[in-house]
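Have a look at the structure below, then the notes.
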Amino acid sequence: MTMTSTLPPPAPPRRWTPARIAGHVFLAFWILLGLGITLGMAAGWDSSFLSTYGPRLLSGLGITLWLVFWSLLIGGLLSLPIAAGRLSNNRIFSSLAFAWVYFFRGTPLLAQAFLFYYGIGTFSPELEAIGLWWIFEEGLYAAVFIFSLNTSAYQAEILSGALRNVPRSQREACAALSLPRSITFLKVILPQAMIVALRPYGNEIILMIKGSAIASIITVLDLMGETRRAFSRTFDFEAYLWAAVLYLVMVEVIRRLWDMFEGRLTRHLVRRSDD
Amino acid sequence: MSFLKRFAITAAVVVLATGAAGAQDMKKVKIGTEGAYPPFNYIDSNGELKGFDIDIAKALCTAMKADCEFVTQDWDGIIPALQAGKFDAIIASMSITEERMKQVDFTNKYYNTPPAIAVAKDSTLAGATPADLKGVTLGAQASTTHGNFAEAKYGESEIKLYPTAEEYKLDLVNGRLDAVMDDSVVLGEWLKTPEGACCKLLGTLTPDPAIHGPGAGIAIRQGDTELKEMFNTAIDAIRADGTYQKINAEYFDFDVYGG
């Protein structure tokens, strides 16, 4: 056996097909566009922008993080009974859960924000009478309220979908071993469901981060609100560029965290080298 | 005369007539406006653009023999949209300010009215000075001279900024806001409507020339001097021939052109 036989065969010459030419043309176009934007920004760069509006953008970032954190947490808690409803055999309970999910997934977050902020605002005397007006009076709390309801519908779908995904045989096996139902759920069903649910949960957080920009139209000075304010003062697109960078950083952090979580949850599925 | 000959003559006449009409060379001008700022510019229940700005714009177009077309655009993006060429002029009660002059050119003003503050009818506020409004929640429209004025001079109040005038009005009605600041005419006209029945005018403010500028002008792209001159001439023309005063009288019982 000679050494040459182990070498891979030479790659066939790649032909310039129309698709390949088109691909190069498009790539060149995008590169030029990217360069153009970079040069355009560099030419009109105003170094005083960051010193004037940087602190305000960061305070906006803080508001955005606060908003997303509480919305996801409250939404997550709300999603538990809703997911239970989606899986329930009780017709009333399951149709209520279905209606909830149907409404919040089927209408735009923007419309929900207007409905719950300005729409509910018309009932301010009634809400004041029952002591709930404070939630809706302040744009920030109203935003948490709206986003929590919205994300609870999505999180309930993720959770119920993932639980449904675990094969019935797993439950049956647990029953055969006479494991208590709570142990079956917590130690057997839920860990397997979490593997399926993890990525959709990550997506939901990312969608929530980006969706939170809607808070800026109900007077909340979140990252988007501060950006729009800075832009309205300077008419400098640098404002939106920095906002885009900050949103990208948030999403990137989530992405990396999620890779770590997935590695941890699926560690039993990784083939070890000494196998 | 044969049919063919008659047809040829008719065709020739039609061609000449349309050619002559085309030769008049109507300049096409696209005008951007907000459509959410009654009584100056708004969309009525039939979905049509109405208001003082719109009528003035139409009169100016007639005076300068231009073929005008209206485009509605959110206030936030109205200057970038002008710069991007989505339209050629902004006629939307835009105050002539230093900040905006860095981005666009302005014609001479076509009206000038002072700012004012409105509050709920049962409000206990006595005056409209920054000291009177200390600690009060004050609303205004974002990216406007009124919003800037509120932020600059009413620092002791809690300022809330809204995308359009419609939203701060809703929040004054439902009690989220204690007071709102805007143009005196905009507030005055709104207080006359059923929606504005909740509220009253607290006081008219003295404009700050550094913030409010000399009044509302027509914004055009920088360097578009031809259009600027056309508009300036047209403003003078409609002021001179009484068209302006006629439109003024349709909307207001005082002279909005100001001093």
Side-chain angles (χ1 to χ4, degrees), chain A residues 40 44 46 48-49 52-53 56 60 63 110 113-129 132-143 145 213-222 224-241 243, chain B residues 36 74-84 90 94-95 97-104 120 122 137-152 158-178 180 194-195 198 211 219 221-222:
Chain A
D46 181 5
S48 67
F49 182 88
T52 318
Y53 294 102
R56 294 205 59 142
I63 299 280
L110 182 66
F114 265 90
L115 196 62
F116 281 101
Y117 186 77
Y118 294 111
I120 272 189
T122 55
F123 300 104
S124 58
E126 289 84 351
L127 285 166
E128 219 153 352
L132 287 177
W133 176 236
W134 65 272
I135 303 177
F136 301 100
E137 185 173 14
E138 189 59 46
L140 190 58
Y141 300 145
F145 179 85
I214 282 176
S216 67
I217 61 155
I218 53 172
T219 74
V220 177
L221 284 173
D222 69 333
M224 192 63 190
E226 288 290 2
T227 304
R228 283 161 58 137
R229 189 183 167 281
F231 180 74
S232 77
R233 289 301 181 82
T234 57
F235 300 102
D236 188 345
F237 284 105
E238 209 179 313
Y240 286 108
L241 192 74
Chain B
D74 275 356
W75 186 250
D76 259 1
I78 206 162
I79 284 184
L82 173 71
Q83 291 169 328
I90 300 171
M94 185 175 273
S95 300
T97 67
E98 290 286 322
E99 268 174 351
R100 290 178 180 141
M101 295 266 260
K102 288 179 196 154
Q103 302 295 326
V104 293
D122 55 6
T137 315
L138 175 62
Q141 186 178 357
S143 324
T144 63
T145 51
H146 305 289
N148 293 351
F149 185 64
E151 286 198 313
E158 196 195 327
I159 312 288
K160 289 203 176 182
L161 298 176
Y162 293 81
T164 74
E166 275 150 21
E167 280 121 17
Y168 74 63
K169 288 171 187 170
L170 283 171
D171 267 3
L172 181 62
V173 173
N174 65 37
R176 280 197 188 103
L177 294 174
D178 301 316
V180 297
E195 292 79 35
C198 64
I211 293 176
R221 275 184 294 276
Q222 281 182 339

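Protein chains get the first letters and strands the later ones, always in sequence-line order, with residue 1 at the start of each. These figures come from a predicted structure and were not determined experimentally.
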* To do: Go through the structure and list residues passing ring-ring contact (aromatic ring centres under 6.0 Å, His included) with B:Tyr162, not counting sequence neighbours.
  => none
* **Donor + acceptor pair across side chains of B:Gln103, B:Gln222 (<3.5 Å)** => no
* Find out whether B:Thr97 and B:Asn148 are in side-chain contact, i.e. whether some heavy atom of one side chain is under 4.5 Å from a heavy atom of the other. => no
In residues 119-126 of chain A, what donor-acceptor pairs under 3.5 Å come from side-chain atoms, sequence neighbours left out?
{"residue": "A:Thr122", "atom": "OG1", "partner": "A:Gly119", "partner atom": "O", "Å": "2.6"}
{"residue": "A:Ser124", "atom": "OG", "partner": "A:Gly121", "partner atom": "O", "Å": "3.4"}
{"residue": "A:Ser124", "atom": "OG", "partner": "B:Asn174", "partner atom": "O", "Å": "2.9"}

* Heavy-atom distance under 4.5 Å to chain A: side chain of B:Gln83, backbone, both or neither? -> neither
* To do: Select one option (side chain, backbone, both, neither) describing which atoms of A:Thr234 are under 4.5 Å from chain B's heavy atoms.
  => backbone
* Asked: Between A:Phe237 and chain B, which part of the residue has a heavy atom less than 4.5 Å away: side chain, backbone, both or neither?
  -> side chain
* Write out, in numerical order, the residues from residues 226-233 of chain A with a heavy atom short of 4.5 Å from a heavy atom in chain B. => A:Arg228, A:Arg229, A:Phe231, A:Ser232, A:Arg233
* **Under 3.5 Å side-chain donor-acceptor pair for B:Asp76 and B:Ser143** => yes
* Around A:Tyr141, counting heavy atoms of other residues, nucleotides and ligands shown, do more than 12 lie under 6.0 Å from its OH? -> no
* Check whether B:Glu166 gets within reach of chain A through its side chain, its backbone, both or neither, counting any heavy atom under 4.5 Å. => neither
* Asked: For B:Lys160, what residues pass the salt bridge (Lys or Arg N to Asp or Glu O under 4.0 Å) criterion, not counting sequence neighbours?
  -> A:Glu138
* Asked: Does a donor on one side chain and an acceptor on the other come within less than 3.5 Å for B:Asp171 and A:Tyr118?
  -> no
* If you count heavy-atom pairs under 4.5 Å between each of B:Ile79, B:Leu161, B:Thr144 and chain A, which one has the most? -> B:Ile79
